[in-house]
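Below is one structure, written out as structure tokens; the observations come after it.
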2 protein chains.
Amino acid sequence: MVAEVVERYLRRDGYDVHAVHDGQAALSAFDQFRPDLVVLDLMLPGLDGIELCRRLRTRGDTPVIMLTARSEEIDKLLGLGVGADDYVTKPFSPREVVARVKAVLRRARQPAVSDDGESVRFGDLRLNGRSRSVEDGRGPIPLTAREFDLLFHLASHPNQVFTRDQLMTSVWDYAFAGDSTTVTVHIRRLRAKIEADPARPRHLKTVWGVGYKFEP
Amino acid sequence: MVAEVVERYLRRDGYDVHAVHDGQAALSAFDQFRPDLVVLDLMLPGLDGIELCRRLRTRGDTPVIMLTARSEEIDKLLGLGVGADDYVTKPFSPREVVARVKAVLRRARQPAVSDDGESVRFGDLRLNGRSRSVEDGRGPIPLTAREFDLLFHLASHPNQVFTRDQLMTSVWDYAFAGDSTTVTVHIRRLRAKIEADPARPRHLKTVWGVGYKFEP
DNA sequence: GCCGATCCTTACGGATCGCTTACGTTCTTG
DNA sequence: CAAGAACGTAAGCGATCCGTAAGGATCGGC
């Protein structure tokens, strides 16, 4: 019902829409169509919306807009580390949803990762996702596999704060539920390699009580 | 008659109501009390309701709910370029009006999300939920985890008053049942950091006998 | 203008969190 | 298969933050 109305409005604005009605279908449709954006109604049968959002997040950084019943839910979600790119609380008008979709897509069109072989550059620091190499002004820096994945994930979302658990599930294998101090140690090893003064890191910043973020 | 009934129902739900009975009084009351929302009956002596609505619109973006006799009137109003945020057509129950008021206020409380991430902006003050950063005109402001959560929660619901207990349960850990003076101290620390004159706060206002609210 | 209630302010000890180091296990490579 | 690298875990330590209490200031009602 809600989905149909929103779908019609989006189509009228020229968007290509695939609507599904439960979490499982959402995941497979996601893998099939690779959408530019997901509009997610939290009132979802089957897989619950929170878990679905989390899984979508592990499949890349496709923007997600959430439809929630109450604004207090947003706080709860943020507390659970499940963030969306935007939220629309009910009751909402379909026009409002369309407006948010436009805004989020406009935002997402300016990728932090550039087009030429997935390379990211921050001042003297350069990462290349294709060759999995890192170098700074002094030359190439040898990183291990995990170290690179961790750094690349952080650097691909500059300034965004991740909890250790978030990093655990997005950088490490999905089912791995190890101790989150693992992240701490890897951050330390990374700092020792890429920071000029590891005790006072310039890029890999600690956010006390929360986690880590990469600052350009 | 209608006004009295609606007024009583709204008060019962905790709203602070000022009722007036003609257009002139409405305008001066509006300027005096700066309400969060206006419920406007179109059958109005003196200034007619359409003209009043238009004038209210020029005074800011305070939400307006209109009570109209017939649904065809709504089309006429829209044709005149006089839009409200919601409409209730007669006959209606007072409960329905209260429900609409709640819904519109909830919608209006949605923070203005700008283009660069999940940031909220109030004049010179900018919060970003993704990077958990705050800055004002002079530069970034370092906040601790709790401080940020508290400020973000308040700023995400501007003008809404929260009791200390409410803040305790929504910002702090779910099961935490600590002393509510904790909130007081955190508010103070926040003021010391984000207010130009902490003794006379511009944003983090005390509502005597109740709690705190964030004013844009 | 007084009095009680409420809020502000300050300081400090405990609790939490992150850093660091070291060591055993697993994976990779020759 | 063996050696070395990479990885995950544990424990001690230090820095940071947080909650509480107590006294002073301020507000609002009478």
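The chains referred to below are lettered A, B, ... by the order of the sequence lines, with proteins before strands, and numbering in each begins at 1.
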[N] phosphate, OP1 or OP2: any side-chain N/O from [X] under 4.0 angstrom?
| X | N | result |
| --- | --- | --- |
| Thr206(B) | dC7(C) | no |
| Tyr212(B) | dC8(C) | yes |
| Trp208(A) | dT16(C) | no |
| Arg164(B) | dC7(C) | yes |
| Thr144(B) | dC18(D) | yes |
| Thr184(B) | dT9(C) | no |
| Arg146(B) | dG19(D) | yes |
| Arg191(B) | dC8(C) | yes |
| Arg188(B) | dT10(C) | yes |

Roughly how many Å is it from [atom1] in [X] to [atom2] in [N], rounded to a whole number?
| X | N | atom1 | atom2 | value |
| --- | --- | --- | --- | --- |
| Leu204(B) | dC8(C) | CG | C1' | 14 Å |
| Lys205(B) | dT6(C) | NZ | P | 22 Å |
| Leu167(B) | dG19(D) | CG | C1' | 16 Å |
| Arg200(B) | dT26(D) | CZ | C1' | 13 Å |
| Met168(B) | dT20(D) | CE | P | 7 Å |
| Trp172(B) | dT16(C) | CH2 | P | 16 Å |
| Arg189(B) | dT20(D) | CZ | C1' | 10 Å |
| Leu190(B) | dC18(D) | CG | P | 10 Å |

Self-check item: Nearest to side-chain heavy atoms of Asp179(A), which nucleotide of dG8(D), dT20(D), dT9(D)
Solution: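 Between dG8(D), dT20(D), dT9(D), the one nearest the side chain of Asp179(A) would be dT9(D).
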Quiz item: Mind checking whether Phe148(B) and Phe152(B) have parallel, tilted or perpendicular rings, split at 30° and 60°?
Solution: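 Ring orientation of Phe148(B) relative to Phe152(B): parallel.
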Self-check item: Geometric class of the Phe122(B)/Phe214(B) ring pair [parallel <30°, tilted 30-60°, perpendicular >60°]
Solution: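 Aromatic pair Phe214(B)/Phe122(B) classed tilted.
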Quiz item: When all nucleic acid strands are considered with a 4.0 Å heavy-atom cut-off, which category describes Ala145(A): base, sugar-phosphate, or nothing?
Solution: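 Sugar-phosphate contact only - Ala145(A) comes under 4.0 Å of backbone atoms but never of a base.
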Quiz item: Distance only, no hydrogens: is a donor on one side chain within 3.5 Å (strictly under) of an acceptor on the other, for Thr169(B) and Arg164(B)?
Solution: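 Thr169(B) vs Arg164(B): no donor-acceptor pair found between side chains.
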Quiz item: Is any NZ, NE, NH1 or NH2 atom of the basic residue among Asp197(B) and Arg202(B) found under 4.0 Å from an Asp or Glu carboxylate oxygen of the other?
Solution: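 A salt bridge is absent here (no side-chain N lies under 4.0 Å from a carboxylate O).
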Exercise. Locate the shortest heavy-atom distance separating Lys213(B) from Asn159(B); write the atom from each residue and the value.
Key: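 Heavy atoms of Lys213(B) and Asn159(B) come nearest at CD-O, 3.9 Å.
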